[in-house]
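After the structure tokens below, expect a handful of questions from me.
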Number of protein chains: 2
Amino acid sequence: MIELAILGLLREQDLHGYELRRRISDLAGLKPAVSFGALYPALGRLEAAGAVKAVESATETAPTLPLTGSLAGEAAAFLARRRGARIGPGRSGRARKVYGITDQGEQLLVELLDDPSTDERTFSLKVAFCRYLMPQRRLELFERRRADLAGRLAGERTSRRTVGDRLDLYLRSLREHDNQTIQHDIAWLDGLISNERAALSGAADLEEDTTS
Amino acid sequence: MIELAILGLLREQDLHGYELRRRISDLAGLKPAVSFGALYPALGRLEAAGAVKAVESATETAPTLPLTGSLAGEAAAFLARRRGARIGPGRSGRARKVYGITDQGEQLLVELLDDPSTDERTFSLKVAFCRYLMPQRRLELFERRRADLAGRLAGERTSRRTVGDRLDLYLRSLREHDNQTIQHDIAWLDGLISNERAALSGAADLEEDTTS
DNA sequence: GTCATCATGTAAGCCGTTACATGATTGC
DNA sequence: GCAATCATGTAACGGCTTACATGATGAC
């Protein structure tokens, strides 16, 4: 899960651990921010597996620097630039360690995105990086999720009906709200799915045009 | 978390582990069902802490039996009744172990419900059992959650605005959907909150009537 | 000179899952 | 007799959090 986030972010841009943490946190409104105790070991594992590697360039990561977001982020980036330039080669003391993704890492990212383990928390992350999937796989991702939610809705209906009326007020409200949320999610997915289908058939048409 | 679910369910009715598992699973549409490897040790801990205790009565748990829900549940309950009566005293081999909640357990349940640790998954459970809270505490539970969600919404707005336009399509769709979901949650909470306030002021009015 | 922030890491512990072991009962 | 379901437990392992250790830098 954390590997997915790391690879997804590094796929776009080289980053060091501290900055990765911030970006992971505001990726999907992740509440309590992933901890360093999880992040650094994960980076270590990925490096050992050859999915990421430390890159030397302080000048490659920082220069154009496309605005990190929060004010704190801006300040940090500014400082990082100044320090990064100075540290470059021949550093002293504790310095930033900038990671970049490797070809193997890109492959692993796609594998993780493709893996059909239906995990509530992971799905958001997969959507966040699904642009790195082939269109067909992306569509399947959405469809799997849709089926999963639809199934939960169906399960809800059959079970518990016998109790029906004499159910606690709060419990009833909770269930109804859950159902609404799931339906909202399904509607959203339906939008994504039809977009994907349109894109796919559009591509097919193009191909047909080219072929014919 | 699992303790909360156990105590909440036992508060209403004596149950054995296997049945507890089923009920926990369809409490809030919990997806992959809590595992035995978590459930039984948790029951053990709670028993050691004096929050629950094994009850002898096969006749107390089973008799009126207010319809468990799923078809499988019904069948199980039917069988349980038959077997339970037979096993009663002088059982042989592996038998059901029915647990009941103690006064200490009820106290612990309220403490767990009151504990203001803002945990996504736990909140649903707390709502499911919030009827066991004092009205004031229940209101506070809802308000804490509301504030939490509102804060997340605000955080989303300030961050990331600088990037604005040049943001991946899927990421943008995801963010928008998340925001809508949060707003939906907030609206739901607002309903619950105003209900609680009405109930509280209604009770105050009554008291005033009695006092004056 | 002290505090906040940036930055990297390690160790202990929590909470859960998966897999395993055991065994009774019922239906085919 | 064999598979499925009910029923209780243990052991190994996984992934993440908390807390700790270290150290540089800049702001007040």
Charged N to carboxylate O below 4.0 Å: is that the case for R22(B) and E19(B)?
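Salt bridge: yes.
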
Any salt bridge (charged side-chain N to carboxylate O under 4.0 Å, His left out) pairs touching residues 32-54 of chain A, not counting sequence neighbours?
E3(A)-R45(A)

To the nearest angstrom, how far is K97(B) atom NZ from dG23(C) atom P?
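K97(B) atom NZ is separated from dG23(C) atom P by 17 Å.
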
Given dC6(C), dG9(C), dA7(D), identify the nucleotide with an atom nearest to the side chain of Y18(A).
dC6(C)

Nearest-angstrom distance from the residue atom CZ of R21(B) to C1' of dG9(D):
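It is 14 Å, rounded to the nearest whole Å.
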
Mind calculating the distance between CG (D119(A)) and P (dC16(D)) to the nearest angstrom?
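Rounding to the nearest Å, CG of D119(A) and P of dC16(D) are 10 Å apart.
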
Nearest to the side chain of P41(A), heavy atoms from C-beta on, is which of dA7(D), dT8(C), dT10(C)?
dT10(C)

In whole angstrom, give the distance that lies between atom CD of E19(A) and atom C1' of dT8(C).
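Checked: the CD to C1' distance equals 15 Å.
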
Rounded to whole Å, how long is the line connecting atom CD1 of I24(A) with atom P of dT17(D)?
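Rounded to whole Å, this separation is 10 Å.
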
Tell me the interatomic distance from H16(B), atom NE2, to dT8(D), atom C1', rounded to whole angstroms.
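Going from NE2 in H16(B) over to C1' in dT8(D) covers 10 Å.
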
Can you list the residues that meet the side chain to side chain contact (heavy atoms under 4.5 Å, CB included) rule with A199(A), with sequence neighbours excluded?
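Residues passing side chain to side chain contact (heavy atoms under 4.5 Å, CB included) with A199(A): none at all.
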
State which residues pass side chain to side chain contact (heavy atoms under 4.5 Å, CB included) with A147(A); sequence neighbours excluded, sorted by chain then number.
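Partners of A147(A) by the side chain to side chain contact (heavy atoms under 4.5 Å, CB included) criterion come out as none, since no residue qualifies.
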
Atom CD of E120(B) and atom C1' of dC16(D): how far apart are they, to the nearest Å?
17 Å

Which salt bridge (charged side-chain N to carboxylate O under 4.0 Å, His left out) pairs, counting each pair once, include a residue from residues 122-134 of chain B, with sequence neighbours left out?
D168(A)-R131(B), E12(B)-R131(B)

Collect all protein-nucleotide pairs involving nucleotides 15-17 of chain C in which both atoms are nitrogen or oxygen and the distance is under 3.5 Å.
| from | atom 1 | to | atom 2 | distance (Å) |
| --- | --- | --- | --- | --- |
| dT17(C) | OP2 | S35(B) | N | 3.2 |
| dT17(C) | OP2 | S35(B) | OG | 2.6 |

With N195(A), which residues qualify under side chain to side chain contact (heavy atoms under 4.5 Å, CB included), at least two apart?
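Here no residue qualifies.
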
Roughly how many Å is it from OH in Y40(A) to P in dC20(D), rounded to a whole number?
19 Å

